[in-house]
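Have a look at the structure below before the remarks.
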Number of protein chains: 2
Amino acid sequence: MPDRAIRPRKEFGKTIAADITHRLREEIVTCGLPPGEPLRFDVLRERFGASFTTLREALTALAAEGLVDAQEQRGFRVAPVSRQDLVEVTDARVLIEVELMRRAIEKGDDDWEIAVISTLHRLKRIEQRDPEHPLRDPEWKIAHRQFHQALVSACGSATLLAIRAELFDRAERYRHLSASFRPRPRDKAGEHQAIMQAAISRNADLAVQLIETHIRSTADNVADHAGHLLDTE
Amino acid sequence: MPDRAIRPRKEFGKTIAADITHRLREEIVTCGLPPGEPLRFDVLRERFGASFTTLREALTALAAEGLVDAQEQRGFRVAPVSRQDLVEVTDARVLIEVELMRRAIEKGDDDWEIAVISTLHRLKRIEQRDPEHPLRDPEWKIAHRQFHQALVSACGSATLLAIRAELFDRAERYRHLSASFRPRPRDKAGEHQAIMQAAISRNADLAVQLIETHIRSTADNVADHAGHLLDTE
DNA sequence: CGGACTCACATTTTCGAAAATGATAGCGGT
DNA sequence: ACCGCTATCATTTTCGAAAATGTGAGTCCG
């Protein structure tokens, strides 16, 4: 049996680099590391307790995902936000997510229905704890991601699911910006419920329309309530 | 002097890591490093003359692009090919490229038309040198990539263009597999000419249909002539 | 006073050694 | 003979020092 004392840190990822990548991604999408922030190695080294090379590997991976901006010979920084980027990400998400929604509704089996229903149930339970500020709860964020992931999971294409996940993360940064400045939370719970029902009842046209509205409303919210943050770069 | 829409000469990377990433991608895409091949550091170190860490950074970036498979604690290997992967990549390309083609036809200006025409011209000139085996000519491959890039370049979304480029590279591996085993080359020159004409004359429906056929025919060719390579994994 | 040049300094980038981990062969007990 | 255990080896993964590069202040001329 493995000796626990000798291996103090083996909780999450197997390699440190993968672990750092994961943690950095979380910090960036939640805007704990704000857009445009320079990512200096000595700072990261202290915060994450890893060496130059390991950090560099993580940053390179995130640069390929579009969350980090690599400026050759001048280091890395958190990818800046902008109106143009918001429009592009929203637009790309609609294109892909709508298509995947249709496919999932067509191909989804019993397991898919169960996954959709149970992830929504879990999301609603977490929402009850703090109905006013769900995005501040890390668990809500995870449950929200898993619900949307479940909705399209039966689409049959791991390739498109991976692309979708990347765009979802990039959009999540804007969701956080939006949430910090929106005066009152909109009725996300109701929207999620309606999407679930449309999906389970195999009403593809309705589900697709609801998803598109759901995605676009975030973009509108950011433009309305956090637009001043988008022109700094 | 206004910079040409197409820069055939790529600036060599300023950092070694970026350079190695580029060279490794070329080797993988052209199947110089065959699918499934283990990528051991000793071998790569000798072949590319870079250190462990630099190579690791390049491999991590390519793993995020889907060209390399990272097996934690057990190293890297060239991403394997499979029927399923071929179907997914083809399918995703059709979804995205068709949409971008429509947008480019709608938004394209004079510079776009010039880029499309000139990249096709260049492609045809290179084709004349060795009409039987164009894919063996690295310059043809570059010109081919640039023609297809030019076609959709006016779509207005850098985000979708980046996704498209990734899928194009993943598909290029299958093009190489297909070319090695196809008895006679198909009439790619004619197809490119037809696509160009449809695009320039703003016939979106026709252009889209031609593009889809163009993309799917590669998949069919691989299935027909190199299918035996796809079941090894 | 302004512009260009030089020289430290700060920061990134690269390297090879050292630690960690997985794979394998050899040994011993049942 | 077979299974499990251990020691050894091959390979990956991590580290901090060293080299390379960009940045900015200060200085010298016109």
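Letters go in sequence order (proteins before strands), and every chain restarts at 1.
Of the residues in residues 37-44 of chain A, not one comes within less than 4.0 Å of DNA chain D through any heavy atom.
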Derivation and outcome, salt bridge (Lys or Arg N to Asp or Glu O under 4.0 Å), residues B:Arg23 and B:Glu27:
CA-CA 6 Å; B:Arg23 288 167 59 193; B:Glu27 296 260 4; over 6 Å; no
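B:Asn221 and B:Tyr174 are not linked by any side-chain donor-acceptor pair at a separation below 3.5 angstrom, with hydrogens and angles left out of the test. For the residue pair A:Thr60/B:Glu57, the side-chain donor-acceptor check at 3.5 Å is satisfied.
Rounded to whole angstrom, the span from the CZ atom of B:Arg77 across to the P atom of D:dT12 amounts to 14 Å. When rounded to the nearest whole Å, the span between CZ of B:Phe48 and C1' of C:dC15 equals 18 Å. With rounding to whole Å, A:Leu55 atom CG is found 13 Å from C:dT13 atom C1'. C:dA23 atom P lies 10 Å from atom CD of B:Gln71, rounded to whole Å. When rounded to the nearest whole Å, the span between CZ of A:Phe76 and C1' of C:dT11 equals 12 Å. Distance B:Glu57 CD to D:dT12 C1': 17 Å, rounded to the nearest Å. Atom CD1 of B:Ile16 is separated from atom C1' of C:dT14 by 6 Å (rounded to the nearest Å). Between the CZ atom of B:Phe52 and the P atom of D:dA10 there is a distance of 14 Å, given to the nearest Å.
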What pairs of nitrogen or oxygen atoms, one from the protein and one from nucleotides 20-25 of chain D, lie under 3.5 Å apart?
none

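Contact of the B:Thr90 side chain with the B:Arg216 side chain is registered, since non-hydrogen atoms from C-beta on lie closer than 4.5 Å.
Phosphate proximity of D:dC15 to A:Thr54: present, with a side-chain N or O under 4.0 Å from OP1 or OP2. Distances shorter than 4.0 Å separate none of the side-chain N or O atoms of A:Arg45 from OP1 or OP2 on D:dC15.
Between A:Glu127 and A:Arg122 there is no salt bridge, since no side-chain nitrogen of the basic residue lies less than 4.0 Å from a carboxylate oxygen of the acidic one. Salt bridge annotation for B:Glu37-B:Arg77: absent, with no cationic side-chain nitrogen under 4.0 angstrom from a carboxylate oxygen.
Between B:Ile20 and the choices B:Leu62, B:Leu44, B:Leu59, B:Leu55, the side-chain contact (heavy atoms from CB on, under 4.5 Å) rule is met once, by B:Leu55.
Relative orientation of the B:Phe147 and B:His192 rings is perpendicular, given thresholds of 30° and 60° on the angle between their planes.
Of all heavy-atom pairs spanning A:Asp169 and A:Val29, the tightest one is O-CG1, 3.5 Å.
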